[in-house]
Each structure stands twice: as structure tokens, then as C-alpha cells.
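Take a look at the structure below.
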Amino acid sequence: MTPIERLKYHPVLIVSSPGTCISCITPDLRQSQSSYIISNMHTEEIPNLAGKILANRYLVTHFLGRGGWGFVYCAHDLSSHRYQKKYIKYAIKCIPKASLTGTLKQYLMREIYLHRLVSDSSPHVVTTRGAFQDNLHFYLVLDLCTRGNMATALYNAAFEGKDELIRRVFIQVLDGVEACHKRGVYHRDIKPENILFRIDGSACIADFGIATEDTTSTEFGVGTPLYLSPGSDTVPMLWFFPTYVVSLESMKDGHKRIDYSPRSADVWALGIVLINMVAGMCPWQLASLDDPSFQDYVCHGDSFFKRTLPMISEHLNKLLQRILHPSLRKRMTVAELRQEILSIKTFYTARKLRS
């Protein structure tokens, strides 16, 4: 059975072909700040930097890929040869200045500042080694994670049925996110594309392009639709109180505009990532009452995951309802989630376990 066939039992696929990013095509969504950045960057021609020496130190060897902010290259640190007798490899993120408006430049400066703030907080956060610029580009120097990202691993069904692998990697992701939160930084775009693997296979959080230090935010539409969180602790949800309407927490959806908690939004996104790892799918395209799957979850919270994720254990079913609780006051914390992941015996029903 191919990866795509494995996902056919639910309408939301997390990938469409090898090497593509996890994405959600929703034509009527308002264009968020992050999608605006991505669309701008996709119109830029890829700079040909191979063979060039940047800042009299970094020899660019080859192009690695394109991200929301710019283009990523592999480079050798020429200065490292003097004391290590070999060249250390880094990833260099190149952002064309021509693509940056005043607002986007502010976002870039914020990314650099916040990433530096958490860079040494945990081995499960990608380390930033510095930043510099020339006349045409800004550059960020980052640790090179040579084993790809979680999106690719999900496409290859790397986690399917493997309890201990899921537990180990997800705990590493939780530790990276918790370390950021302890420094007062909230990621706001946790998703498989932004979870990278080092050469030893350990996971780390990357891409702080839309991170914030704000404990509450009114920046709606910031992040990736599949992972945006709904609800607020001031607007009860239908499956607890029968006559209320959902308001999106981190995406304004035509309902009442309210503040949301970036910390709690990160917890929500972690819940969706956990579903990605266990089931290879997303439960809905957007946490909005306009989405039939999410509406089903709101109306039938106790039974939704049993029906749509028949392979998961009862323990995980109950845990997902706590992680993805619409009320901020009832949604669990990262620390609480970590303890639950350590204590859970299996993520699957017995028939889905693999050796």
C-alpha cells in the first residue's frame, strides 16, 4: 500500500507528493502574514551562490531548498579548518533584500532576535551561529540538520505503528518547545516542516519567522491553517454548552475578534503534529465551524477520534481531547503533555502495532 493509499480513509492528506511541504489548499482563506511572505519568496529567482565565499568565511557548496523567508544553502566554515583540521558544515539562509518591505524586514529582525534568544536553550532547538548581510541579501548561519524534516519522514511512514519512536521524537519536540516557552518565546508555526533531524536522528525546532514574545496576541492568521488553534476561554464550545458559537483563537474567522494565547496555540499545534505522527493525517483542514470535520469534532468530541482515527488507543483518544480542548483554561500545558506521553503504554490498538 502506498503512502497516499494509506491516507485515503480521511479527506485531509498531509502531503501530496514526495518532497512537498505539508499544506492545506483553502481558496477562501484570508492571506496570512506567513503566506504572504511565502508567496513573495516563491516569485524570487533562486540566487546562484554555489562556489561563492560569504563574509570571507563560508564557502557555499550547494542549494538545499526554499523556505518561507528565503533560500537555504550548505556551506563550509573555512575558519574551522585551522583548529579542527576539517571544515564544519552549516546551513545558510539567504533572504533577498529586494523582497522585504518595511514590515517584512521587521519580521526578519524579530526572527533573528528571538532565535538567538532560544538558540542555546535546548539541544532540541536549531542553533543559530550568527547573521550578516551584503548589498543584496541578509544571511542567517544555522546548524546543518542533515537528516531532513518530519514532513519527509511522515511521507515515508517512518513513525507508523512504532510506539517508542513516536514517544522519543515527540518528547524531543516537546522539550524544544518548552525550552522556548521558558525563555518567553512562542513559536506559532509548529508543524512537521519546521521539525528537523540532526545527524544523530534527534529532533529540533526550526524557523522562528513568526515567533513572538507576546503572551497574548491579536495577530490573527499567523501560522499554517492546518495547525491553527480555535476557541477562547471566554467563548464556550458547543460540545460543552449547546448554544454557543466557535471563535477562532489564532485566526479571525468572521466571528468576534478576540485575543489568543500563543503559548496555548503552540500546544494545539503539537496535538496536530502528534496525530500526524500516529495516523499520518490531519483531522481537519481548518479549526472552524465552516470545516465539516471540525464541526463534527465540536458536536461529538467524545466519539470523533474513535471514528476518524480507529487505529488509536483509548488512552490517546482521551489525551487528544485534552490537548485539543477548545477552552484555553482546560487545554493542557506542554509539561503536562510530556508526562502523559511518558506514561502512555501505546498510541495504537493492538492490531496496529509494528515491531
Side-chain angles (χ1 to χ4, degrees), residues 21 23 26-49 52 54-55 58 60 63-73 91-119 125-126 128-142 180 183-191 193-194 205-225 227-228 248-254 257-263 265-266 269:
C21 295
S23 61
T26 311
D28 59 343
L29 288 176
R30 291 180 178 86
Q31 189 180 46
S32 69
Q33 288 147 326
S34 56
S35 65
Y36 174 71
I37 292 167
I38 292 171
S39 62
N40 270 10
M41 297 310 306
H42 281 190
T43 64
E44 292 282 341
E45 184 178 347
I46 299 173
N48 182 16
L49 299 182
K52 294 185 178 181
L54 304 175
Y58 301 103
V60 179
F63 176 70
L64 291 174
R66 188 196 302 259
W69 276 116
F71 311 95
V72 184
Y73 300 82
I92 294 190
K93 200 173 187 179
C94 167
I95 303 98
K97 290 183 175 180
S99 67
L100 297 179
T101 65
T103 301
L104 295 185
K105 186 175 180 180
Q106 290 176 7
Y107 270 91
L108 175 61
M109 295 302 106
R110 185 171 73 176
E111 174 185 6
I112 295 171
Y113 166 71
L114 294 179
H115 198 160
R116 282 177 170 173
L117 197 60
V118 300
S119 182
V125 175
V126 172
T128 178
R129 301 291 178 175
F132 58 93
Q133 62 179 307
D134 58 25
N135 291 334
L136 297 177
H137 304 102
F138 289 104
Y139 303 94
L140 277 68
V141 183
L142 308 164
C180 294
R183 295 278 176 95
V185 175
Y186 311 104
H187 192 280
R188 297 201 295 183
D189 200 19
I190 296 169
K191 58 183 178 180
E193 297 149 288
N194 290 338
I205 305 298
D207 198 342
F208 289 79
I210 53 177
T212 184
E213 291 180 286
D214 296 336
T215 55
T216 60
S217 178
T218 56
E219 289 184 308
F220 294 91
V222 175
T224 301
Y227 300 87
L228 288 179
L248 278 179
E249 175 185 303
S250 54
M251 184 166 187
K252 190 173 185 299
D253 187 37
R257 189 183 181 110
I258 55 177
D259 293 344
Y260 69 95
S261 163
R263 178 192 291 269
D266 280 355

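Each residue takes its place number in the sequence, starting with 1.
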Nearest 0.5 Å please: distance from the [atom1] atom of [X] over to the [atom2] atom of [Y].
{"X": "I112", "Y": "M109", "atom1": "CD1", "atom2": "CE", "value": "4.0 Å"}
{"X": "C94", "Y": "I46", "atom1": "SG", "atom2": "CD1", "value": "10.5 Å"}
{"X": "Y227", "Y": "E193", "atom1": "OH", "atom2": "CD", "value": "7.0 Å"}
{"X": "K97", "Y": "L104", "atom1": "NZ", "atom2": "CG", "value": "15.0 Å"}
{"X": "L114", "Y": "T212", "atom1": "CG", "atom2": "OG1", "value": "7.0 Å"}

So which atom in [X] and which in [Y] form the shortest heavy-atom distance, rounded to 0.1 Å?
{"X": "D189", "Y": "N194", "result": "O-ND2, 2.8 Å"}
{"X": "V60", "Y": "L49", "result": "CB-O, 3.3 Å"}
{"X": "V72", "Y": "A91", "result": "CG1-CB, 4.1 Å"}
{"X": "S217", "Y": "R188", "result": "OG-NH1, 3.3 Å"}
{"X": "Y260", "Y": "E219", "result": "OH-O, 2.9 Å"}
{"X": "K93", "Y": "I95", "result": "O-CD1, 3.9 Å"}

Distance alone, cut at 3.5 Å: any donor-acceptor contact between the side chains of D214 and Y186? no
[Y] backbone acceptor or donor facing [X] side chain under 3.5 Å:
{"X": "T128", "Y": "S119", "value": "no"}
{"X": "Y73", "Y": "N48", "value": "no"}
{"X": "H115", "Y": "A211", "value": "no"}

Can you label the angle between the F132 ring and the Y139 ring as parallel, tilted or perpendicular, going by 30° and 60°? parallel
Give the ring-plane orientation class for F71 versus F63, where under 30° counts as parallel, over 60° as perpendicular and anything between as tilted. tilted
Do P47 and H137 touch side chain to side chain, with heavy atoms closer than 4.5 Å? yes
Does the side chain of F208 reach to within under 4.5 Å of the side chain of L117, using non-hydrogen atoms? no
What do the steps show when you test V125 against C180 for side-chain contact (heavy atoms from CB on, under 4.5 Å), and what is the final call? CA-CA 8 Å; V125 175; C180 294; 3.8 Å; yes
Evaluate side-chain contact (heavy atoms from CB on, under 4.5 Å) for E111 paired with L140, printing each intermediate quantity in order. CA-CA 10 Å; E111 174 185 6; L140 277 68; 4.1 Å; yes
So does K105 have more than 12 non-hydrogen atoms from other groups sitting under 6.0 Å from NZ? no
